[in-house]
Each structure stands twice: as structure tokens, then as C-alpha cells.
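Contents: one structure, followed by commentary.
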Amino acid sequence: MNTELLGIIFMFAATLILAVPLGKYTAKIFSGDKTLLDPLFRPVEQFFYKFSGIDATKQMNWKQHLYALLSIHVIWFLLCFFTLIFQGSLPLNPDGNPSMSPDLAFNTAISFLVNCNLQHYSGETGVSYLSQLLLMFLQFVSAGAGMAVCAMVFNAMKERQTEALGNFYNYFLKSCTRILLPLSIVVAIILVFNGSPMTLAGKASITTLQGDSVQVSRGPVAAFVAIKHIGTNGGGFFGANSAHPLENPNYRTNMVEMIAQMIIPFAMIFAMGFYLKRRKLAWNIFGVMTIGFLLLVIPTVITEIHGNPAIHQLGISQPNGAMEGKEVRFGPAASGYWSIATTVISTGSVNSMHDSGMPLSGTMQLLAMMTNCFYGGCGVGFLNYYIFIILAVFLSGLMVGRTPEFLGKKVEAREVKIAAFIAILHPLLILAGTALASYFAAHDTAMGYWFNGKATGWLNNPNNHGFSEMLYEYTSSAANNGSGFEGLGDNNPFWNISTGIILLLSRFIPIIGPLAIAGLLAQKKHIPDSAGTLKTDSTIFGVMTFAIIFIIAALSFFPALALGPLAEYFSMI
Amino acid sequence: MKNTFSALKLTLLCLIFFSVLYPLAIMGIAHFAPNKGAGEVITLNEKVVGFQKIGQSFTKDNYFWGRPSAVAYNAAGSGGSNKGANNPEYLKIVQDRIDSFMAHNPTVKKEDIPAEMATASGSGLDPNISPIAAQIQINRIAKARSISANTLQQLIEANIQKPLLGMFGPSTVNVLELNLALDKIK
């Protein structure tokens, strides 16, 4: 058991040690400084700009950023949607998988577009290799787009008055070529040499040692899994995601994939510190996030190692903890750790089945997505935290009776209104969706077109756990996470369309909000620090931000958690 | 409009770069990996009997068993049971697995059965069991094959995969490799 605990401590330490230099490198990329890969990538990028007719040196204000961001997303959506609904007749489909239904293609295209990767299909039977490669493209560009917005917000936080906030295409392309691609190549190579396939050959048919005939799905797995983690996307090549032995072959790859998914969210915080020369603020933010993360991860790991009380009552031993839905090569500690890491950041890849985890772990996973700002996804994690900083600045200002300021800019009614709206939107989308689905399930409504049969048919578990399945699905959608209580029967028009809409709203509104706030603040006059300035890099401000996150994000969900995983937890002790 | 065309062209280049060149590069490198990146296979008498990383179903008394699987170890798909921890229907399935295990292993005490032998893995393709789970099957296999328990004990120990660098993660046994080694004992 000790080696398992050592394993997770090492994973965290290694991520941190690697993330600081990556943060420095990222800051250099965003400021256009010289870096090691310049000779290799500068000509490539120049060619990209020249061919596309893009002037990457043109400064944009926040509205132009937004326009560039949204218009390119429309193209990506259409491209992906139409490929998925025709994939059955397109090339690179050795297993002869069928085309997607329009509602599933709608959900899948949006979910990869918004960096969520909810996946209401299984990779083995639901998509062709062509579609997998296209989804991989979205895994790159959606992460790059998130980082580009984050870079623009960093830019707006500088001590000056301006409308010019850099160029979206410049930030976007450099994030993809200079950060996402090199890291993905490293991870993919490690995976390939540890046994992940990278082939265009279809399923292999074999006769096992005992004489059974089975098939083994393969494909271009290693490249896909690398960017799935580096870009905090989380969409699995296979149905079982990173629990699948070909997607995550051993403990070494498990560590690599874990570090890969956390490294950019960590690095973005340090990048902010280097970029603005405010390293103390970066460490302060990192500290608050880490406390939040530890408060979620420690109970989860303990409860998973402790095992399932209901199994204990059947009279067998649990030397390896709770093992339903887990893999022996990872064990309960690394599985519990992963389940929280993947939910605090918005990866949503899984190396164990969350549906079969302990109720307390389920509570922690849900809370991780409900707060959705401890580290967070590629770029957008920082944006979510930024909203809470604005709220904390405002409330602290009220408490001490001073005009609220953040980094020398006055935070006024307009910015606070936007921040409050974004903070409330998240619980609203989750709880409204869950309420709707629960209403149908409670009345066991015949769903007609929306679902084949009566509404309880989509549940895989009875009682409180069934409620948790629905709550989890909407929470995962609204947090753009993509993990699931996968027992839920979600490939039907009801779930495909309702979660698809929530995915769109909860990706773009929380991007538009911070972008607008940052843009508005950047236009204001810079006020130099004085004795009366609220120190946003102080411990007390960190505590304040944490309290705001706890009150807004955690408490608004408490009734729903009480009905779901908490009720299940108390019924088991 | 100009903006849209620019975005379209940028998308096209990104597609070529990230969906074609990047995977091709990795595929090129994969040629130096085991089985050229098509999945590491195990052959017996020049016939493929399995993938090294993919578990197989073993039900006969004379083989080491792996874990229960929600997909019957057919890697055309993958997945877990997704049953909640105290779902009554699920607990009945676990009870049945315990009963069945005890019927086949009459010398094993119930409190010594590790939970992994009665619970399904996340992928349904788990190739491993823990050394303890292998050891409690010794008596059954010794009887079925008329081999000494001591030999089997040594066989298991030779097949234990230690934690990474001796420090990180659990010890495991690959069931397929263990059974192949078992077949070699005359």
C-alpha cells in the first residue's frame, strides 16, 4: 500500500516541478520572446499566416478577439458534425462502423469543440478512424483556443491603459504548435513504447489460450491519448477510456498521463506570474487551488483504499480497497487520485469507473466539477478563477469600505454584474437540467421521440445513486469535463440534445464573461499602488477567495448533493 | 467575409498538421515499438494466442483465473458494470461470484478471498491480478494438474511484476503470461 501512496505523491511533485519551467516558457511564447523551438516553428507559422491571409501582428480589442474566436468555432463545428453523420461511407473505417445519428453527432461535435469530450458513444463501435483523427484535431484546437483567450486576459492585466490586447490567431496557433504539439509528441512516444497501439489496422480476431474466439480493437491510439491529456480534453479512444489496457498500459503510463493532464493547468498559473512579473500572486493562486484540491483528493483516496462497506459485509477481504470498476495495475490510491485530478481540471478522462466508486468519492468528484476552478482546464481554468477573484475583490472592498481595485484597475458595477452572472450560471444550468431529468424519472414519463421507453429506463442504478447519475451528467456537461457516471443511458435525443445545449452555453458564456471583464478593465486608467490598496497577493485575500468559492460554488449545490451521493453515503454506514 | 475565409484556410492547415502529419510521425516512430505499434502479441507455436496487455477469460480449474468482466473479455468493446456500491442487484451478483469461487476452491476461507476476484474491472479487460489473488488459487490448480503447491508458489513469484522502480504502484501478476508459464511445466 505504501508504494501506492508514494506513487501519487510523486505524480503531484513531478507535475509541479515540470510546470514551473513550462510556465516560464509559456510566458515567453505569449510575449513573443525568443525560445528554443523558434527555428523549427517560426517558418511553419509564417506559412500558416501567409496562406490564410492573416496578419498575426495586428492588435485586437476584446470584441475582435471574441469575433475571431466564435467564427472559427462555427467552421470547426460544421466540419465535425457533417463528418460524423457521414462517417459510415467515408474512408478509414476498417471496422465498418455506422454513421452517427444527427442528435449523437450534434452532441459529439459540440462536446469535442468545447474541450469537454462527453462521449455518448464507445470508440470501438461508434466512430471510424477518420472521425477519431478529426476529433483529435478538435482536441488540439479547442485547447489552443482556451489558452489564447487566457493569454488575452493576461495581456489585459498589465499595468497600462489600452484596448490593444494582442492577436487571437497568434496566441492560438502558437499555443498549438509551440506547447501542445511538442508535449503531445513526447507523451505519444512514451505510450507507443509502453504498448499503446499506433496503427490503422482494424480489429484483430484471435483464439484465446482457453479456446474462445474474441476480437481486439486497435487504432491510432497513442497519438490520440497524448493530446487527450495534454489538452485536458479527456475523450477516450476506447469506451473504457484510460482504464483500457491499450490506452493506459501500465503504472508508468498512468503516471505520464496523469502528469500530462495536469501540467498545462499548473503551468498557466505560473505563466501568469512570469508574464506579469507577479510571481507572488501566481503562488498565492496556486496555493488556494492546491488547498481546494487536497481537501477533495485526500478523503477520496482514503475512502477508496478503505474499501466498500457493503462488500465487507459479504465477508470477503479487501486488501486492495474497493475494486469494482478499477484496474489492478493502478490500485485504489492512483484511481482515487486520478478521479479528483480529472474532475478539478476539466479533462474528464477516467482510469476507473466513477459510477462504481464509493459515495464519498462521488461527492468529491461532483464538488470538484461544481467549483470548477481549482487548476481547471487548458486556459479556461484560470478564467473561472478570475471570476472569483473579481467577486472577492468586490466583496473585500465592501467589507473595508474602499473602492474595489484589482491590479490597479477599479472594479465597478458592470464588471461585478458580469462576474456574478457567470458565477450563478453554472449552478443554474446544472440544477435546472437535473431537475428536468429527475422530473421525468420520478414520474416515469413515456418519452416518445426523446427516449426509447420510459424515463427510468435511462438509469443503471436505483434510488439516490440513480439521481446522482443524472446530476453527474449535467455537472460534467456544465463543467465541460466529460467524465460520467457511465451507467446512464445517454445516447438518445433527450440526453444528446439537452447536454449539447448546456455544453455550448457553459463553454462560451464563461469565456465571454472574463474576456469582457478583462477588456473593460484594460480600458480603465491605471492607479498606482498606495497604502490603501488591497493586496491581492496576500494570504488573507487568498482565504477570502477560497471562502467565496466555497459559498457560491459549493453551498448552492449542497441540497442536490444531499439527495444524491451524501444520502447514499449515510445509508451505507 | 475575409475573416471567414482566413479562418477556413487556417482550419485546413491545422487539419493537415495535427490530424495527418502528427499521427503519421507517431506511426513512423511506432515502427520501432513492439509489433510495429499494432499491439504487443503473444504467440505459441507460431500462433497468436493473445495480446500481452489484454486479459482473457479463464474458467477451467486447471488455469489461474482473472477477474470477472462486464464485457466477457471480448476486446471488441470495453467497459465496467457501472453498478453503484450498494446496488442490491449488484451485491447479489458479487455474492454469486463468491459462492462460485468457494465451490471451485473448497480449501479457501471466505475471509481470504480478495475483493478483486468478485468484482469487475473498469475496462472489463484487466490483464492482471494481485499476487494474493493468484496464491489463493494454488490448491485448486495443484489438484487439477497434480503439481506440487510449492512449484506453483515459485511460479507465481517468478511472474510477479514489482512496483515501478520498486517504489511506485502495486505489485501485479499478468494472468495470461502466468498461465502460459503454467502450461510449460511438465
Side-chain angles (χ1 to χ4, degrees), chain A residues 3 6-7 48 52-54 71-72 75 124 133 137 140 188-189 192-193 195 197-199 201 206 208-210 214-218 220 222-223 238-240 243-245 249 251-252 308 310-311 315-319 323-329 331 352-353 355 358 460-461 465 486-487 572, chain B residues 6-11 13-15 18-19 23 26-27 29-30 33 37-40 48-51 53-54 56-58 74-80 82-87 91 95 98 110-111 113-116 119 121-123 125-130 132 163-164 167-170 172:
Chain A
T3 50
L6 261 180
F48 270 55
S52 320
I54 288 170
S71 57
I72 203 163
I75 295 172
E124 293 94 336
L133 292 172
F137 156 78
F140 272 101
I189 290 173
V192 154
F193 285 98
M198 188 64 202
T199 172
I206 53 167
T208 68
L209 193 56
Q210 210 185 252
V214 297
Q215 289 185 307
V216 178
S217 274
R218 295 177 290 185
F238 299 112
H244 196 292
Y251 200 83
R252 187 184 301 116
N308 182 350
I311 297 271
I316 57 175
S317 74
Q318 301 188 72
M323 284 307 286
E324 182 70 37
K326 293 198 183 60
E327 302 286 301
V328 169
R329 64 191 180 282
S352 69
M353 295 300 126
D355 213 348
M358 295 303 100
N460 190 43
N461 287 284
H465 196 85
E486 290 299 340
M572 281 177 79
Chain B
S6 295
L8 206 58
K9 286 188 217 159
L10 183 63
T11 301
L13 283 183
C14 285
L15 260 178
F18 298 119
S19 281
I26 303 299
M27 229 173 275
I29 294 166
E40 217 169 320
V48 174
V49 291
F51 280 66
K53 305 279 189 268
I54 303 282
Q56 296 188 355
S57 171
F58 289 103
N74 187 354
S78 60
N82 286 311
K83 294 294 182 193
N86 71 342
N87 182 335
L91 292 172
Q95 181 64 57
I98 296 170
K110 190 174 177 184
E111 61 265 32
I113 302 174
E116 65 192 80
T119 53
S121 62
S123 61
L125 309 170
D126 196 337
N128 300 311
I129 54 176
S130 66
I132 302 172
L164 182 60
M167 279 190 290
F168 307 127
T172 60

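All values below were derived from every heavy atom in this structure, side-chain atoms included, with hydrogens, water molecules and symmetry-related copies excluded. We name chains A, B, ... by the order of the sequence lines, and we start the count at 1 in each one.
Of the atoms belonging to A/R218, it is side-chain heavy atoms, and not backbone ones, that fall under 4.5 Å from chain B. Interface residue B/E111: backbone and side-chain heavy atoms are both found under 4.5 Å from chain A. Of the atoms belonging to B/P23, heavy atoms from both backbone and side chain fall under 4.5 Å from chain A. Both the backbone and the side chain of A/I72 come within less than 4.5 Å of a heavy atom of chain B.
B/E116 contributes atom CD, which lies 10.0 Å from atom CD1 of A/I316 (distance to the nearest 0.5 angstrom).
Here the side chain of B/N82 pairs no donor or acceptor atom with the backbone of A/N460 at under 3.5 angstrom. Using modelled atom types, one side-chain atom of B/Q56 and one backbone atom of A/L209 make a donor-acceptor pair closer than 3.5 Å. Listed for the A/S317 side chain is a donor-acceptor partner under 3.5 Å among the backbone atoms of B/I113.
Contact count against chain B (heavy-atom pairs under 4.5 Å) is highest for A/S52 among A/S52, A/A240, A/G7. Note: A/S217 leads A/A222, A/G331, A/S217 in heavy-atom pairs under 4.5 Å with chain B. Among A/T199, A/T208, A/V192, the residue with the largest count of heavy-atom pairs under 4.5 Å with chain B is A/T208. Per-residue counts of heavy-atom pairs under 4.5 Å with chain A were compared for B/L164, B/N86, B/L91; the largest is that of B/N86. Ranked by heavy-atom pairs under 4.5 Å with chain A, the first of B/T172, B/L10, B/L8 is B/L10. Heavy-atom pairs under 4.5 Å with chain A peak, among B/L13, B/I129, B/T11, B/L15, at B/L13. Comparing A/I54, A/V214, A/N461 by how many heavy-atom pairs each has under 4.5 Å with chain B, the most go to A/N461. By number of non-hydrogen pairs under 4.5 angstrom with chain A, the leading residue of B/F58, B/F51, B/F18 is B/F18. The candidate with the highest count of non-hydrogen atom pairs below 4.5 Å against chain A, out of B/A30, B/S19, B/G80, is B/S19. With chain A as partner, the option from B/S130, B/G39, B/G77 having the largest number of non-hydrogen pairs under 4.5 angstrom is B/G77.
A heavy-atom distance below 4.5 Å is found between the side chains of A/F193 and B/I29. Side-chain contact between A/F48 and B/C14 is present, with heavy atoms from C-beta onward closer than 4.5 Å. Here the side chains of B/N87 and A/H465 are not in contact, with every heavy-atom distance at 4.5 Å or above.
Donor-acceptor pairing under 3.5 Å is recorded for the side chains of B/S123 and A/E327.
Summarising the geometry of A/M353 relative to B/G122, their closest heavy-atom pair is CE-O, 3.4 Å, with the distance given to 0.1 Å. Between B/G50 and A/I206, the shortest heavy-atom contact is CA-CD1, 3.7 Å. Of all the heavy atoms in A/A310 and B/A85, the pair that sits closest is CB-O, 3.8 Å. The heavy-atom pair separating A/T3 from B/G169 by the smallest distance is OG1-O, 2.7 Å. Closest approach of A/G53 and B/S6 over heavy atoms only: O-OG, 3.6 Å. Residue A/P245 comes nearest to B/L125 through the heavy atom pair CG-O, 3.6 Å, listed as atom of the first residue, atom of the second, then distance.
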When you look at B/S78 and A/E124, which way does the side-chain hydrogen bond (donor to acceptor under 3.5 Å, both in side chains) test go after all the steps?
CA-CA 8 Å; B/S78 60; A/E124 293 94 336; 2.6 Å; yes
After noting the C-alpha distance and the side-chain angles of A/R329 and B/D126, does the key distance pass the side-chain contact (heavy atoms from CB on, under 4.5 Å) rule?
CA-CA 8 Å; A/R329 64 191 180 282; B/D126 196 337; 4.1 Å; yes
